[in-house]
Amino acid sequence: MNGIRFLRSALASVLVLVALLAGAVMAPVAGRALAHSSAATGYSFTHYAYPHDTFTQLLGIDNADHIAGYHGAKINKGFTLTLPASIQKENFPGSAQTQVIGINNLGDTVGFYIDAGGRTHGFYRNPRINKWWPIDVPGTTFNQLLGVNDHGDTAGYYQFGKAGIFQPYTRTASGAFRLPPIGNAQMTDTNNNGDVTGFQVLSSSKTHAFVVLGSTVDFFQYPGSSFTQALGLNDQGLVVGTYNDAIGTAHGYTYDTGTKTFRAVNVPGSTSTVVNGLNNHGWIVGFFTAPNKDTIGFVGKPK
């Protein structure tokens with residue numbers, strides 16, 4: 001697989017998007033919801049594994065609890081999930097691999113796909129008219145879209161150079177790209193207020209997260225960690241993401257931009273946890289590593 005979705009931890013998967021294309025209608029298949037569990041983190045967790053697969057990541061959730069994700073560690077295949085367990089396959093037409101990462105309250109989705117030549121492109125899909133659009137910054141060959149709001153604005157990045165430097169960007173619904181002056185970073189999500197989350201790579205073992213609130217950029221680290229990434233936010237200013245502890249284990253977290261307070265999130269019984277998205281009800285989604293090394297998606301509902 002080509003490219004890297006996130007430089008986040010050993011838990012992260014190595015991954016491998018301006019014309020109009022029609023999408024194929026996919027038939028739903030039965031999903032498999034697993035055990036529920038609760039913990040002192042303040043969430044009740046439901047686990048979700050894609051049928052007959054040991055690798056599932058849930059990455060985005062809207063206010064009606066529709067979820068974006070993908071499965072397959074070696075060959076990524078996208079899907080959307082309607083709770084409790086109704087799956088709709090979602091793969092860019094003709095692609096070799098697809099990840100569905102962001103979803104808004106209209107059901108629009110974004111993510112990225114790998115074409116037959118191994119190039120990575122962002123995509124935007126409108127399911128109401130069943131249309132897909134590849135999204136690439138002009139002149140670039142590696143793009144990923146990671147978040148979308150209800151206005152159709154998106155957040156992502158492109159990669160350039162032999163060192164794989166990241167250039168973050170946002171894109172308006174009208175198609176205008178905006179490149180912020182933050183070097184070697186990814187924009188990961190945008191809310192309906194136009195706020196944006198992301199992270200900047202400082203070295204192979206050090207990143208710091210940021211949230212752009214209006215014209216203000218707030219860089220932050222989870223306390224005691226030198227590896228923190230912000231991966232999603234909602235309209236109330238709650239941010240989610242992942243951080244590594246001193247021995248490199250990934251944990252999820254929430255960060256309140258108003259009070260600037262953190263809360264760690266760990267799925268009970270897991271060996272590592274990543275929180276990737278949330279909605280305005282405070283429901284979170286992500287994935288964790290089980291003791292048997294399976295990667296399993298989860299939904300966390302505030303208790």
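Worth saying up front: this structure is predicted, and the values here are computed from it rather than measured.
M187 places none of its side-chain heavy atoms less than 4.5 Å from the side chain of L146. For the pair V196/T170, a side-chain contact is recorded, criterion being any heavy-atom separation below 4.5 Å from C-beta on. I114 has its side chain out of reach of R119: every pair of non-hydrogen atoms, C-beta onward, lies at least 4.5 Å apart. V299 has its side chain within reach of I67: a pair of non-hydrogen atoms, C-beta onward, lies under 4.5 Å apart. Contact check for N193 versus L213: no side-chain heavy atoms found under the 4.5 Å cut-off. Considering only heavy atoms from C-beta on, T242 stays 4.5 Å or farther from F199 through its side chain. L81 places none of its side-chain heavy atoms less than 4.5 Å from the side chain of S86. Taking the side chain as every heavy atom from C-beta outward, T56 and I296 never approach each other to under 4.5 Å.
Looking only at atom types and distance, the side chain of D62 has no donor-acceptor partner in the side chain of N279 under 3.5 Å away. Side-chain contact check for Y243 and Q229: no donor-acceptor pair (N or O, by modelled atom type) lies under 3.5 Å. Between Q221 and T228, the side chains place a donor N or O and an acceptor N or O closer than 3.5 Å (distance only, hydrogens not considered). Checked by atom type, the side-chain pair Q88/T82 shows no donor-acceptor distance below 3.5 Å.
Between the side chain of N149 and the backbone N or O of N191 there is at least one donor-acceptor pair closer than 3.5 Å. With hydrogens and angles ignored, the 3.5 Å screen pairs a side-chain donor or acceptor of T273 with a backbone N or O of V267. Between the side chain of S225 and the backbone N or O of F227 there is at least one donor-acceptor pair closer than 3.5 Å. Judged by distance alone, the side chain of N244 and the main-chain N or O of S226 form no donor-acceptor pair under 3.5 Å. With H281 contributing its side chain and N63 its backbone, the two residues share a donor-acceptor pair below 3.5 Å.
Using cut-offs of 30° and 60° on the angle between ring planes, the pair W133 and Y124 is perpendicular. Taking the six-membered ring where the residue is Trp, F123 and W132 present tilted rings, their angle falling between 30° and 60°.
The cluster map of Ile, Leu, Val, Met, Phe, Trp and Tyr, joined by side-chain heavy atoms under 4.5 Å apart, puts L83 and Y48 in the same cluster. In the hydrophobic clustering of this structure, L179 does not group with V217; members are Ile, Leu, Val, Met, Phe, Trp, Tyr whose side-chain heavy atoms approach within less than 4.5 Å, directly or through other members. Under the 4.5 Å side-chain contact rule for hydrophobic residues, F287 and I101 share a cluster. Linking Ile, Leu, Val, Met, Phe, Trp and Tyr residues whenever their side-chain heavy atoms come within less than 4.5 Å places V274 and F55 in a single cluster. No continuous path of ILVMFWY side-chain contacts below 4.5 Å connects V148 to L106, so the two sit in separate hydrophobic clusters.
Between the OG1 atom in T140 and the CZ atom in F160 there is a gap of 11.0 Å [rounded to 0.5 Å]. Rounded to the nearest 0.5 angstrom, H66 NE2 and N105 CG are separated by 10.0 Å. Put simply, CD on Q200 and CD on Q186 are 11.5 Å apart, with the number rounded to the nearest 0.5 Å. Taking OG1 from T120 and CZ from F142, the interatomic distance works out to 4.5 Å, rounded to the nearest 0.5 Å.
In terms of heavy atoms, P134 sits closest to F92 at CG-CZ, 3.7 Å. In this structure, Y157 and Y169 approach most closely via the heavy-atom pair C-CE2, 3.3 Å. Pairing each heavy atom of D108 with each of P127, the nearest pair is OD1-CD, 3.5 Å. Nearest heavy atoms, G232 versus T188: N-OG1, 4.3 Å. When all heavy atoms of Y253 and A230 are compared, the pair lying nearest together is OH-CA, 3.4 Å. Contact record, G300 with F45: CA-CD2, 4.0 Å, taken as the closest heavy-atom pair.
For F288 and H47, the ring centers sit closer than 6.0 Å to each other.
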Checklist entry - How far apart are the C-alpha atoms of T289 and S272, what are their side-chain angles, what is the distance that settles it, and do they pass the side-chain hydrogen bond (donor to acceptor under 3.5 Å, both in side chains) test? => result CA-CA 5 Å; T289 302; S272 56; 3.0 Å; yes

Item to check | Steps toward ring pair (Phe, Tyr, Trp, His ring centres under 6.0 Å) verdict (Y50, F79) | outcome: CA-CA 9 Å; Y50 194 90; F79 65 85; 5.3 Å; yes

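I247 belongs to no hydrophobic cluster, as no Ile, Leu, Val, Met, Phe, Trp or Tyr side chain comes under 4.5 Å of its own.
Take T216 and apply the side chain to side chain contact (heavy atoms under 4.5 Å, CB included) test, not counting sequence neighbours, and it matches no residue. Remark: N192 pairs with D150, D235 by the side chain to side chain donor-acceptor pair (under 3.5 Å) rule, at least two apart or across chains. The side chain to side chain contact (heavy atoms under 4.5 Å, CB included) test applied to K77 returns H71, I75, N91, not counting sequence neighbours. In terms of the side chain to side chain contact (heavy atoms under 4.5 Å, CB included) criterion, residue partners of T254 (sequence neighbours excluded) are, by chain and number, Y43, L238, V240, R263, V265. Listed by chain and number, the residues in a ring pair (Phe, Tyr, Trp, His ring centres under 6.0 Å) with F220 are Y255, F262 (sequence neighbours excluded). With sequence neighbours left out, the side chain to side chain donor-acceptor pair (under 3.5 Å) criterion links T98 to S95. In this structure, D153 has no salt bridge (Lys or Arg N to Asp or Glu O under 4.0 Å) partners at least two apart in sequence or on a different chain. Scored by the ring pair (Phe, Tyr, Trp, His ring centres under 6.0 Å) test, F219 finds H208, F210 as partners (sequence neighbours excluded). For N184, the side chain to side chain contact (heavy atoms under 4.5 Å, CB included) partners at least two apart in sequence or on another chain are I165, F166, V201.
With F298 as the fixed residue, the side chain to side chain contact (heavy atoms under 4.5 Å, CB included) test singles out one of T46, L58, V275, V285: V275.
Within the structure, the salt bridge (Lys or Arg N to Asp or Glu O under 4.0 Å) test picks out the following pairs touching residues 236-261 (sequence neighbours left out): D218-K260. For the salt bridge (Lys or Arg N to Asp or Glu O under 4.0 Å) condition, no pair includes a residue of residues 191-207, sequence neighbours left out.
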